[in-house]
**Student:** 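Quick one: the structure is below, and I'll ask about it shortly.
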There are 2 protein chains.
Amino acid sequence: MSETRETPELWLHNQICFAVHSTAHAFTAAYKPHLDPLNLTYPQYLVMLLLWEKDDQSVSELGKPLFLDSGTLTPLLKRLQATGYINRTRDPKDERVMRITLTDAGKALKQKAVCIPHNMLETMGMSVEQVMALGTDVRKLGQALRSDAGARS
Amino acid sequence: MSETRETPELWLHNQICFAVHSTAHAFTAAYKPHLDPLNLTYPQYLVMLLLWEKDDQSVSELGKPLFLDSGTLTPLLKRLQATGYINRTRDPKDERVMRITLTDAGKALKQKAVCIPHNMLETMGMSVEQVMALGTDVRKLGQALRSDAGARS
DNA sequence: ATCAATTAAATTGTACACAATTAAATTGAC
DNA sequence: GTCAATTTAATTGTGTACAATTTAATTGAT
(Lines give C-alpha, C1' and ligand atoms only; values in the text may rest on other atoms or scores of the structure.)
Protein backbone atom coordinates (compact mmCIF):
# COMPACT_ATOMS: atom_id res chain seq x y z
CA MET A 1 0.00 0.00 0.00
CA SER A 2 2.67 2.52 0.94
CA GLU A 3 5.32 3.38 -1.62
CA THR A 4 7.66 3.29 1.34
CA ARG A 5 7.96 -0.47 1.43
CA GLU A 6 10.58 -0.21 -1.32
CA THR A 7 12.74 2.43 0.37
CA PRO A 8 13.38 1.47 4.01
CA GLU A 9 16.61 3.46 3.88
CA LEU A 10 14.39 6.57 3.94
CA TRP A 11 12.40 5.59 7.05
CA LEU A 12 12.79 8.23 9.69
CA HIS A 13 13.16 5.71 12.52
CA ASN A 14 15.99 3.95 10.67
CA GLN A 15 18.10 7.09 10.41
CA ILE A 16 20.93 7.36 12.92
CA CYS A 17 21.08 11.09 12.19
CA PHE A 18 17.58 11.44 13.58
CA ALA A 19 18.38 9.23 16.58
CA VAL A 20 21.28 11.55 17.42
CA HIS A 21 19.32 14.70 16.58
CA SER A 22 16.33 13.82 18.76
CA THR A 23 18.48 12.51 21.61
CA ALA A 24 20.35 15.82 21.63
CA HIS A 25 17.03 17.62 22.07
CA ALA A 26 16.01 15.14 24.77
CA PHE A 27 19.25 16.01 26.59
CA THR A 28 18.46 19.73 26.43
CA ALA A 29 14.99 19.06 27.85
CA ALA A 30 16.35 16.73 30.55
CA TYR A 31 18.91 19.32 31.64
CA LYS A 32 16.28 22.04 31.90
CA PRO A 33 15.02 21.26 35.43
CA HIS A 34 18.64 21.15 36.62
CA LEU A 35 19.69 24.36 34.84
CA ASP A 36 16.61 26.54 35.38
CA PRO A 37 17.45 27.04 39.08
CA LEU A 38 20.92 28.22 38.00
CA ASN A 39 19.46 30.63 35.43
CA LEU A 40 21.39 28.88 32.65
CA THR A 41 20.35 27.49 29.28
CA TYR A 42 22.07 24.34 28.09
CA PRO A 43 24.41 26.11 25.62
CA GLN A 44 25.24 28.65 28.33
CA TYR A 45 26.04 25.74 30.67
CA LEU A 46 28.52 24.39 28.11
CA VAL A 47 30.30 27.77 28.07
CA MET A 48 30.39 27.83 31.87
CA LEU A 49 31.93 24.33 31.88
CA LEU A 50 34.79 25.69 29.73
CA LEU A 51 35.28 28.71 31.96
CA TRP A 52 35.27 26.58 35.11
CA GLU A 53 38.00 24.47 33.47
CA LYS A 54 40.02 27.54 32.50
CA ASP A 55 39.08 31.11 33.34
CA ASP A 56 39.91 34.06 31.08
CA GLN A 57 39.46 32.87 27.50
CA SER A 58 38.76 34.71 24.25
CA VAL A 59 35.60 34.25 22.22
CA SER A 60 37.38 32.10 19.65
CA GLU A 61 39.11 30.02 22.35
CA LEU A 62 35.67 29.21 23.75
CA GLY A 63 34.26 28.63 20.28
CA LYS A 64 36.85 26.10 19.13
CA PRO A 65 35.93 23.16 21.41
CA LEU A 66 32.22 24.02 21.10
CA PHE A 67 32.35 24.32 17.28
CA LEU A 68 30.67 27.73 17.57
CA ASP A 69 31.62 31.11 16.11
CA SER A 70 31.11 34.67 17.31
CA GLY A 71 27.75 34.83 15.56
CA THR A 72 26.39 32.43 18.16
CA LEU A 73 28.68 33.21 21.07
CA THR A 74 28.52 37.01 21.14
CA PRO A 75 24.79 37.21 22.00
CA LEU A 76 25.06 34.18 24.31
CA LEU A 77 27.96 35.76 26.20
CA LYS A 78 26.08 39.05 26.48
CA ARG A 79 23.26 37.14 28.18
CA LEU A 80 25.71 35.46 30.57
CA GLN A 81 27.07 38.93 31.30
CA ALA A 82 23.55 40.29 31.90
CA THR A 83 22.91 37.39 34.30
CA GLY A 84 26.09 38.37 36.13
CA TYR A 85 28.22 35.26 35.63
CA ILE A 86 30.92 36.69 33.35
CA ASN A 87 32.81 39.87 32.46
CA ARG A 88 33.57 40.85 28.87
CA THR A 89 36.60 43.10 28.52
CA ARG A 90 38.83 43.96 25.59
CA ASP A 91 42.37 42.63 25.83
CA PRO A 92 44.65 45.71 26.30
CA LYS A 93 47.44 43.85 24.46
CA ASP A 94 45.20 43.30 21.41
CA GLU A 95 42.03 45.32 21.24
CA ARG A 96 40.49 42.90 18.74
CA VAL A 97 40.28 40.19 21.41
CA MET A 98 37.41 40.01 23.88
CA ARG A 99 38.50 38.34 27.13
CA ILE A 100 35.80 36.40 29.00
CA THR A 101 36.31 36.04 32.73
CA LEU A 102 34.15 34.64 35.53
CA THR A 103 32.61 36.97 38.09
CA ASP A 104 32.50 35.86 41.73
CA ALA A 105 28.92 34.74 41.11
CA GLY A 106 30.08 32.76 38.08
CA LYS A 107 32.82 31.07 40.11
CA ALA A 108 30.44 30.34 43.00
CA LEU A 109 27.95 28.74 40.62
CA LYS A 110 30.34 25.84 40.07
CA GLN A 111 29.52 24.42 43.50
CA LYS A 112 25.83 24.31 42.58
CA ALA A 113 26.64 22.58 39.30
CA VAL A 114 28.92 19.77 40.46
CA CYS A 115 25.98 17.49 41.30
CA ILE A 116 24.40 17.82 37.85
CA PRO A 117 26.50 15.15 36.06
CA HIS A 118 25.65 12.62 38.77
CA ASN A 119 21.95 13.46 38.59
CA MET A 120 21.95 13.21 34.81
CA LEU A 121 23.62 9.80 35.03
CA GLU A 122 20.66 8.60 37.09
CA THR A 123 18.25 10.04 34.52
CA MET A 124 20.08 8.18 31.75
CA GLY A 125 19.77 4.93 33.68
CA MET A 126 23.19 3.79 32.55
CA SER A 127 26.42 2.84 34.25
CA VAL A 128 29.46 5.09 34.03
CA GLU A 129 31.15 2.45 31.87
CA GLN A 130 28.23 2.27 29.44
CA VAL A 131 28.08 6.05 29.16
CA MET A 132 31.81 6.29 28.50
CA ALA A 133 31.70 3.57 25.85
CA LEU A 134 28.73 5.15 24.07
CA GLY A 135 30.36 8.59 24.36
CA THR A 136 33.51 7.26 22.67
CA ASP A 137 31.50 5.87 19.75
CA VAL A 138 29.41 9.02 19.33
CA ARG A 139 32.51 11.26 19.45
CA LYS A 140 34.15 9.07 16.81
CA LEU A 141 31.09 9.48 14.59
CA GLY A 142 31.15 13.25 15.06
CA GLN A 143 34.83 13.38 14.14
CA ALA A 144 34.22 11.32 11.00
CA LEU A 145 31.40 13.65 9.92
CA ARG A 146 33.52 16.75 10.50
CA SER A 147 36.71 15.43 8.90
CA ASP A 148 34.84 14.37 5.77
CA ALA A 149 33.27 17.82 5.45
CA GLY A 150 36.74 19.35 5.40
CA ALA A 151 37.87 16.72 2.91
CA ARG A 152 36.23 18.43 -0.08
CA SER A 153 38.96 20.90 -1.02
CA MET B 1 47.24 24.78 38.94
CA SER B 2 43.72 24.46 37.58
CA GLU B 3 40.85 24.08 40.01
CA THR B 4 39.47 21.66 37.44
CA ARG B 5 41.70 18.80 38.47
CA GLU B 6 39.28 18.06 41.30
CA THR B 7 36.13 17.98 39.16
CA PRO B 8 36.68 15.85 36.05
CA GLU B 9 32.93 15.17 35.95
CA LEU B 10 32.55 18.80 34.76
CA TRP B 11 35.04 18.51 31.88
CA LEU B 12 33.31 19.33 28.65
CA HIS B 13 34.99 16.55 26.72
CA ASN B 14 33.82 13.99 29.30
CA GLN B 15 30.16 14.86 28.87
CA ILE B 16 28.17 12.48 26.70
CA CYS B 17 25.52 15.17 26.35
CA PHE B 18 28.05 17.33 24.52
CA ALA B 19 29.23 14.42 22.39
CA VAL B 20 25.64 13.89 21.26
CA HIS B 21 24.94 17.61 20.94
CA SER B 22 27.99 18.35 18.78
CA THR B 23 27.56 15.21 16.68
CA ALA B 24 23.98 16.28 15.93
CA HIS B 25 25.34 19.60 14.63
CA ALA B 26 28.02 17.75 12.66
CA PHE B 27 25.24 15.72 11.03
CA THR B 28 23.37 18.87 10.03
CA ALA B 29 26.54 20.29 8.48
CA ALA B 30 27.36 16.99 6.74
CA TYR B 31 23.87 16.81 5.24
CA LYS B 32 24.07 20.37 3.92
CA PRO B 33 25.92 19.63 0.64
CA HIS B 34 23.42 16.83 -0.06
CA LEU B 35 20.32 18.88 0.83
CA ASP B 36 21.23 22.28 -0.64
CA PRO B 37 20.71 21.03 -4.22
CA LEU B 38 17.22 19.86 -3.15
CA ASN B 39 16.43 23.23 -1.55
CA LEU B 40 15.85 21.55 1.82
CA THR B 41 17.18 22.22 5.29
CA TYR B 42 17.84 19.23 7.52
CA PRO B 43 14.64 19.65 9.62
CA GLN B 44 12.66 20.10 6.43
CA TYR B 45 14.23 16.86 5.12
CA LEU B 46 12.97 15.02 8.21
CA VAL B 47 9.43 16.23 7.50
CA MET B 48 9.74 15.15 3.87
CA LEU B 49 10.88 11.68 5.02
CA LEU B 50 7.64 11.36 7.01
CA LEU B 51 5.52 12.51 4.08
CA TRP B 52 7.28 10.12 1.69
CA GLU B 53 6.45 7.34 4.15
CA LYS B 54 2.80 8.43 4.41
CA ASP B 55 1.26 11.30 2.50
CA ASP B 56 -1.55 13.46 3.90
CA GLN B 57 -0.80 13.94 7.61
CA SER B 58 -1.85 16.61 10.09
CA VAL B 59 0.60 18.96 11.82
CA SER B 60 0.40 17.00 15.06
CA GLU B 61 0.78 13.65 13.29
CA LEU B 62 4.02 14.96 11.80
CA GLY B 63 5.06 16.46 15.11
CA LYS B 64 4.68 13.33 17.23
CA PRO B 65 7.55 11.22 15.77
CA LEU B 66 9.70 14.35 15.41
CA PHE B 67 9.01 15.55 18.98
CA LEU B 68 8.04 18.96 17.53
CA ASP B 69 4.96 21.11 18.07
CA SER B 70 3.14 23.61 15.86
CA GLY B 71 5.37 26.41 17.10
CA THR B 72 8.23 24.88 15.15
CA LEU B 73 6.31 23.09 12.40
CA THR B 74 3.94 25.84 11.25
CA PRO B 75 6.67 28.17 9.95
CA LEU B 76 8.73 25.23 8.64
CA LEU B 77 5.72 23.88 6.71
CA LYS B 78 4.98 27.32 5.32
CA ARG B 79 8.52 27.37 3.92
CA LEU B 80 8.07 23.90 2.39
CA GLN B 81 4.85 25.22 0.85
CA ALA B 82 6.64 28.30 -0.48
CA THR B 83 9.29 26.03 -2.03
CA GLY B 84 6.47 24.11 -3.69
CA TYR B 85 6.88 20.67 -2.09
CA ILE B 86 3.67 20.53 -0.02
CA ASN B 87 0.09 21.77 0.13
CA ARG B 88 -1.53 23.00 3.35
CA THR B 89 -5.31 22.66 3.37
CA ARG B 90 -7.86 22.64 6.19
CA ASP B 91 -9.60 19.31 6.73
CA PRO B 92 -13.26 19.84 5.64
CA LYS B 93 -14.30 17.23 8.23
CA ASP B 94 -12.62 19.18 11.05
CA GLU B 95 -11.59 22.71 10.30
CA ARG B 96 -9.11 22.73 13.19
CA VAL B 97 -6.91 20.21 11.38
CA MET B 98 -4.39 21.29 8.77
CA ARG B 99 -3.73 18.48 6.28
CA ILE B 100 -0.25 18.38 4.76
CA THR B 101 0.02 16.71 1.37
CA LEU B 102 2.85 16.36 -1.14
CA THR B 103 2.76 18.26 -4.42
CA ASP B 104 3.97 16.54 -7.57
CA ALA B 105 7.31 18.29 -7.05
CA GLY B 106 7.40 16.98 -3.48
CA LYS B 107 6.71 13.43 -4.62
CA ALA B 108 9.26 13.66 -7.43
CA LEU B 109 11.91 14.86 -4.99
CA LYS B 110 11.98 11.43 -3.37
CA GLN B 111 13.89 10.02 -6.32
CA LYS B 112 16.60 12.60 -5.83
CA ALA B 113 16.80 11.80 -2.11
CA VAL B 114 17.08 8.02 -2.17
CA CYS B 115 20.85 8.11 -2.63
CA ILE B 116 21.44 10.37 0.39
CA PRO B 117 21.44 7.65 3.10
CA HIS B 118 24.03 5.67 1.14
CA ASN B 119 26.21 8.74 0.65
CA MET B 120 25.96 9.63 4.33
CA LEU B 121 26.99 6.10 5.27
CA GLU B 122 30.21 6.63 3.33
CA THR B 123 30.77 9.94 5.09
CA MET B 124 30.34 8.23 8.47
CA GLY B 125 32.92 5.63 7.52
CA MET B 126 31.02 2.88 9.31
CA SER B 127 29.41 -0.39 8.31
CA VAL B 128 25.62 -0.73 8.23
CA GLU B 129 25.86 -3.06 11.21
CA GLN B 130 27.89 -0.58 13.24
CA VAL B 131 25.48 2.23 12.41
CA MET B 132 22.48 0.14 13.39
CA ALA B 133 24.05 -0.93 16.68
CA LEU B 134 25.01 2.63 17.59
CA GLY B 135 21.59 3.86 16.53
CA THR B 136 19.93 1.36 18.85
CA ASP B 137 22.01 2.53 21.80
CA VAL B 138 21.45 6.23 21.06
CA ARG B 139 17.69 5.73 20.67
CA LYS B 140 17.62 3.86 23.98
CA LEU B 141 19.36 6.79 25.64
CA GLY B 142 16.91 9.25 24.11
CA GLN B 143 13.97 7.19 25.37
CA ALA B 144 15.44 7.05 28.88
CA LEU B 145 15.88 10.82 28.93
CA ARG B 146 12.34 11.45 27.74
CA SER B 147 10.65 8.90 30.00
CA ASP B 148 12.38 10.27 33.08
CA ALA B 149 11.26 13.80 32.22
CA GLY B 150 7.67 12.59 32.24
CA ALA B 151 8.29 10.72 35.50
CA ARG B 152 8.05 13.83 37.68
CA SER B 153 4.31 13.94 38.30
C1' DA C 1 57.05 53.92 7.50
C1' DT C 2 53.12 52.52 4.58
C1' DC C 3 49.45 49.99 2.95
C1' DA C 4 47.53 45.57 1.54
C1' DA C 5 46.39 41.09 3.83
C1' DT C 6 44.94 38.94 7.91
C1' DT C 7 42.60 38.29 12.23
C1' DA C 8 38.86 38.77 15.97
C1' DA C 9 34.37 40.14 17.07
C1' DA C 10 30.23 42.00 16.02
C1' DT C 11 26.34 42.47 13.05
C1' DT C 12 22.64 41.05 9.85
C1' DG C 13 19.44 37.85 8.03
C1' DT C 14 17.39 33.24 7.85
C1' DA C 15 15.87 29.13 10.16
C1' DC C 16 14.99 26.09 13.86
C1' DA C 17 13.24 25.01 18.89
C1' DC C 18 10.24 25.64 22.62
C1' DA C 19 7.29 27.89 26.31
C1' DA C 20 3.19 30.36 26.76
C1' DT C 21 -0.75 32.41 24.97
C1' DT C 22 -4.51 32.93 21.66
C1' DA C 23 -8.19 31.64 18.47
C1' DA C 24 -11.24 28.74 16.33
C1' DA C 25 -13.61 24.40 16.01
C1' DT C 26 -15.39 20.38 18.20
C1' DT C 27 -17.06 17.46 21.92
C1' DG C 28 -19.70 16.21 25.82
C1' DA C 29 -22.17 16.70 30.15
C1' DC C 30 -26.34 18.39 31.43
C1' DG D 1 -29.85 22.30 22.41
C1' DT D 2 -26.40 25.03 25.30
C1' DC D 3 -22.18 26.11 27.23
C1' DA D 4 -17.97 24.73 29.54
C1' DA D 5 -13.92 21.77 28.57
C1' DT D 6 -10.97 20.05 25.10
C1' DT D 7 -8.40 19.89 20.89
C1' DT D 8 -5.69 21.77 16.88
C1' DA D 9 -2.99 25.30 14.92
C1' DA D 10 -1.23 29.67 14.91
C1' DT D 11 1.07 33.37 17.20
C1' DT D 12 4.46 35.70 20.23
C1' DG D 13 8.75 36.08 22.52
C1' DT D 14 13.30 34.29 23.79
C1' DG D 15 17.38 31.77 22.65
C1' DT D 16 20.37 29.23 19.89
C1' DA D 17 22.86 28.14 15.14
C1' DC D 18 25.17 29.58 11.07
C1' DA D 19 26.33 32.00 6.61
C1' DA D 20 27.80 36.31 5.00
C1' DT D 21 29.17 40.85 5.67
C1' DT D 22 31.27 44.60 8.28
C1' DT D 23 34.39 46.93 11.43
C1' DA D 24 38.43 47.59 13.87
C1' DA D 25 43.00 46.21 15.06
C1' DT D 26 47.23 44.01 13.93
C1' DT D 27 50.80 42.06 10.97
C1' DG D 28 53.97 41.89 7.29
C1' DA D 29 55.98 42.63 2.82
C1' DT D 30 58.01 46.23 0.61
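Chain letters run A, B, ... following the sequence lines, proteins first, then strands; residues in each count from 1.
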**Student:** Measure from the side chain of B:His21, starting at C-beta and using heavy atoms only, and say which of D:dT16, D:dA17, C:dC16 lies closest.
**Tutor:** D:dA17
**Student:** What is the separation between atom CG on B:Asp91 and atom C1' on D:dT7, rounded to the nearest whole Å?
**Tutor:** 14 Å
**Student:** OP1 or OP2 of C:dA8 versus the side-chain N and O atoms of A:Lys93: is any pair under 4.0 Å?
**Tutor:** no
**Student:** Can you measure A:Leu40 atom CG to D:dT16 atom C1' for me and round it to whole angstrom units?
**Tutor:** 14 Å
**Student:** Starting from C1' on D:dA10, measure out to CD on B:Gln81 and report it in whole angstrom.
**Tutor:** 14 Å
**Student:** Counting heavy atoms from C-beta on, name the nucleotide in D:dT6, C:dA17, C:dT6 closest to the side chain of B:Arg96.
**Tutor:** D:dT6
**Student:** What nucleic acid atoms does B:Arg99 come within less than 4.0 Å of, heavy atoms only: base, sugar-phosphate, or nothing?
**Tutor:** nothing
**Student:** Restricting to non-hydrogen atoms, name the atom on A:Ser58 and the atom on A:Arg99 that form the minimum distance, rounded to 0.1 Å.
**Tutor:** N-NH2, 3.5 Å
**Student:** So which atom in A:Tyr85 and which in A:Leu38 form the shortest heavy-atom distance, rounded to 0.1 Å?
**Tutor:** OH-O, 2.6 Å
**Student:** Of all the choices, C:dC18, C:dA25, C:dA9, which nucleotide is nearest to the side chain of A:His25 once you look at every atom?
**Tutor:** C:dC18
**Student:** Would you say C:dA15 has OP1 or OP2 under 4.0 Å from some side-chain N or O of B:Gln44?
**Tutor:** no
**Student:** Is any side-chain nitrogen or oxygen of A:Arg88 closer than 4.0 Å to OP1 or OP2 of C:dA10?
**Tutor:** yes
**Student:** B:Ser58 near the nucleic acid: base, sugar-phosphate alone, or nothing, with a heavy-atom cut-off under 4.0 Å?
**Tutor:** sugar-phosphate
**Student:** Please report the distance, rounded to the nearest Å, between NZ in A:Lys78 and P in D:dT16.
**Tutor:** 14 Å
**Student:** Name the residue closer to the 5' end of DNA chain C, choosing between A:Ser70 and A:Lys32 according to the nucleotide with the nearest heavy atom.
**Tutor:** A:Ser70
**Student:** Using OP1 and OP2 only, check whether a side-chain N or O of A:Arg79 sits under 4.0 Å from D:dT16.
**Tutor:** yes
**Student:** Report yes or no: is there a donor-acceptor pair, N or O only, under 3.5 Å between the side chain of A:Ser60 and the base of C:dA8?
**Tutor:** no
**Student:** What does A:Thr41 touch in the nucleic acid at a heavy-atom separation under 4.0 angstrom: a base, only the sugar-phosphate, or nothing?
**Tutor:** sugar-phosphate
**Student:** Whole angstrom is fine here: how far is it from CD in B:Glu61 over to C1' in D:dT7?
**Tutor:** 14 Å
**Student:** Between A:Asp94 and A:Tyr42, which is nearer to the 5' end of DNA chain D once each is assigned its nearest nucleotide?
**Tutor:** A:Tyr42
**Student:** Think B:Arg90 has a side-chain N or O under 4.0 angstrom from the OP1 or OP2 of C:dT26?
**Tutor:** no
**Student:** What is the separation between atom CG on B:Asp36 and atom C1' on D:dA19, rounded to the nearest whole Å?
**Tutor:** 11 Å
**Student:** Testing A:Met132, A:Gln130, A:Met126 one by one against A:Val128 for a side chain to side chain contact (heavy atoms under 4.5 Å, CB included), which residue passes?
**Tutor:** A:Met132
**Student:** D:dT16 C1' sits how many Å from B:Leu68 CG, rounded?
**Tutor:** 15 Å
**Student:** How long is the line joining CE of A:Met98 and P of D:dT26, in whole Å?
**Tutor:** 14 Å
**Student:** Could you tell me which non-hydrogen atom of A:Met48 sits nearest to which non-hydrogen atom of A:Leu102, and how far apart they are?
**Tutor:** CE-CD2, 3.7 Å
**Student:** Is it true that B:Arg96 and B:Asp94 make a salt bridge, defined as a side-chain N closer than 4.0 Å to a carboxylate O?
**Tutor:** yes
**Student:** Measure across B:Leu49 and A:Leu10 and return the closest heavy-atom pair with its distance rounded to 0.1 Å.
**Tutor:** CD2-O, 3.3 Å
**Student:** Does A:Gly71 or B:Leu73 map to a spot on DNA chain D nearer the 5' end, using the closest nucleotide for each?
**Tutor:** B:Leu73
